[in-house]
Student: 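Next up is a structure, given as structure tokens.
Chain identifiers are assigned alphabetically (A, B, ...) following the order of the sequence lines, protein sequences preceding nucleic acid strands; residue numbering begins at 1 within each chain.
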There are 2 protein chains.
Amino acid sequence: MTAQRKSRSGRMETLTAWLRPGWFKALGDPNRLAIVARLACAAKPMTVSEVGGCCGVHISGVSRHLALLRAAGVVAAEKIGREVRYRLNLSDLTGALRGLADAIDACEPSELCNPPREGRKK
Amino acid sequence: MTAQRKSRSGRMETLTAWLRPGWFKALGDPNRLAIVARLACAAKPMTVSEVGGCCGVHISGVSRHLALLRAAGVVAAEKIGREVRYRLNLSDLTGALRGLADAIDACEPSELCNPPREGRKK
DNA sequence: TCAATACTTGCATATTTGCGCAAATGTGCT
DNA sequence: AGCACATTTGCGCAAATATGCAAGTATTGA
């Protein structure tokens with residue numbers, strides 16, 4: 001059993017569980033961040049076309065960005081008729097941020113933190 | 001004056017101030033995350049060679065990763081003799097994570113969140 | 001049924017990125 | 001000075017990524 005302890009927000013966590021490259025990678029693009037920002041301030045879920053207005057990218061690119069954010073768990077999608085409404089995964093997102101912060105604080109100089117593997121081939 | 005309010009952690013913040021692509025990009029690589037994890041659990045600052053053990057990458061690659069993390073403000077470096085000791089920017093890191101979480105929570109459906117520009121040309 | 005609308009996906013292209021190797025730089029030691 | 005060790009940097013390559021355009025798939029409405 002690895003050393004863990006109650007965090008500020010009352011969860012148990014291990015650092016590496018929060019260190020997901022794909023998650024950060026999803027947020028590591030200016031246009032995707034613009035999309036996230038746009039969704040964060042939206043009163044309600046937005047369609048792809050609506051979201052598209054926030055960055056000067058072709059609608060197909062926006063669609064791809066949203067798909068990627070969805071795959072990373074940053075946003076959620078719901079298909080309604082011929083349109084798809086995207087919204088920020090609010091609690092997951094803030095939960096991940098605070099969880100990671102807590103995990104870093106709670107990190108003891110003993111647990112060997114092994115790298116998450118997910119990236120390129122070599 | 002844009003709408004802001006005291007956050008859970010007592011700071012004032014705007015969402016876009018925390019949404020820095022370069023920061024997420026720095027953390028969006030498996031090997032760099034491994035490095036971060038390694039440094040997080042380290043009792044004291046580590047040299048490049050020491051850090052290198054945590055991921056199967058040539059030492060020059062590790063050096064580059066650390067330089068990138070440093071440029072992003074994730075780690076700090078101190079040159080001591082012929083070696084360079086890297087450590088996690090602990091408070092900055094957790095502060096950014098919680099600050100962003102707070103900013104997202106505090107985000108009102110009114111402030112237009114304009115995209116941070118930093119990425120590729122077009 | 002037909003056309004318009006909303007979104008996704010295949011493809012080609014340009015750019016970025018991660019990597020190893022070798023050379024360069026910097027520092028300590030004898 | 002001469003040498004070993006630590007780190008950085010130039011270079012080239014292969015893989016990944018972002019993007020636009022065009023074609024494909026649904027779905028709505030006339």
Student: Quickly work out the B:Lys25 NZ to D:dA16 P distance and round it to whole Å.
Tutor: 17 Å
Student: Taking only the side-chain heavy atoms of A:Glu83 (C-beta and beyond), determine which of D:dT19, C:dG18, C:dC7 contains the nearest atom.
Tutor: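 The nucleotide sitting nearest to the side chain is C:dC7.
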Student: Of the options C:dT8, C:dG18, C:dC21, whose atoms approach the side-chain atoms of A:Tyr86 most closely?
Tutor: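 Looking only at heavy atoms from C-beta outward on A:Tyr86, the closest nucleotide is C:dT8.
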Student: Do B:Leu100 and A:Leu93 come close enough that some side-chain heavy atom pair is under 4.5 Å?
Tutor: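 In short, these two side chains do not touch, never coming nearer than 4.5 Å.
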Student: Rounded off to whole Å, could you give me the CD1-to-P distance for the B:Ile59 and D:dA6 pair?
Tutor: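 Rounding to the nearest Å, CD1 of B:Ile59 and P of D:dA6 are 9 Å apart.
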Student: Could you check whether A:Gly81 gets within reach of a base, just the sugar-phosphate, or nothing at all, counting any heavy atom under 4.0 Å?
Tutor: sugar-phosphate
Student: Rounding to a whole Å, what distance do you find between B:Asn31:CG and D:dA16:C1'?
Tutor: 15 Å
Student: Roughly, in whole Å, what's the span from CG in B:Leu33 to C1' in C:dG18?
Tutor: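 For the pair B:Leu33 CG and C:dG18 C1', the rounded distance is 14 Å.
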Student: Check B:Asp105 with B:Arg98, please: is the shortest side-chain N to carboxylate O separation under 4.0 Å?
Tutor: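 B:Asp105 and B:Arg98: not salt-bridged.
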Student: Strictly distance-based, threshold 3.5 Å: is any side-chain N or O of A:Thr47 a donor or acceptor partner for the main-chain N or O of A:Glu50?
Tutor: yes
Student: Among C:dC21, C:dG26, D:dT7, which nucleotide sits nearest the side chain of B:Arg82?
Tutor: C:dG26
Student: Should A:Leu68 and A:Ile59 be counted in the same cluster of Ile, Leu, Val, Met, Phe, Trp and Tyr side chains packed under 4.5 Å apart?
Tutor: no
Student: Determine, using the 4.5 Å side-chain heavy-atom cutoff (strictly less than), whether B:Val36 and B:Leu90 are members of one ILVMFWY cluster.
Tutor: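 Looking at the clustering, B:Leu90 is in the same group as B:Val36.
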Student: Calculate the interatomic distance between A:Ile35 atom CD1 and D:dA18 atom C1'; express it in whole Å.
Tutor: 12 Å
Student: To the nearest 0.5 angstrom, please state how far the SG atom of A:Cys55 sits from the CZ atom of A:Arg32.
Tutor: 10.5 Å
Student: If you draw a 6.0 Å radius around CZ in B:Arg70, do more than 12 non-hydrogen atoms from other residues or ligands fall strictly inside?
Tutor: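 Open.
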Student: In whole angstrom, give the distance that lies between atom CE of A:Met46 and atom P of C:dA6.
Tutor: 14 Å
Student: Consider the side chain of B:Arg32, meaning its heavy atoms from C-beta on, and name the nucleotide among C:dC19, D:dT7, C:dG18 that approaches it most closely.
Tutor: C:dG18
Student: B:His58 has an atom NE2; how far is it from atom P of D:dT8, in whole Å?
Tutor: 13 Å
Student: Does any residue of residues 62-72 of chain B have a heavy atom under 4.0 Å from DNA chain C, and if so, which ones, in number order?
Tutor: B:Arg64, B:His65
Student: If you pin A:Lys79 and A:Ser60 to their nearest nucleotides in DNA chain D, which one's is more 5'?
Tutor: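 The residue mapped nearer the 5' terminus is A:Ser60.
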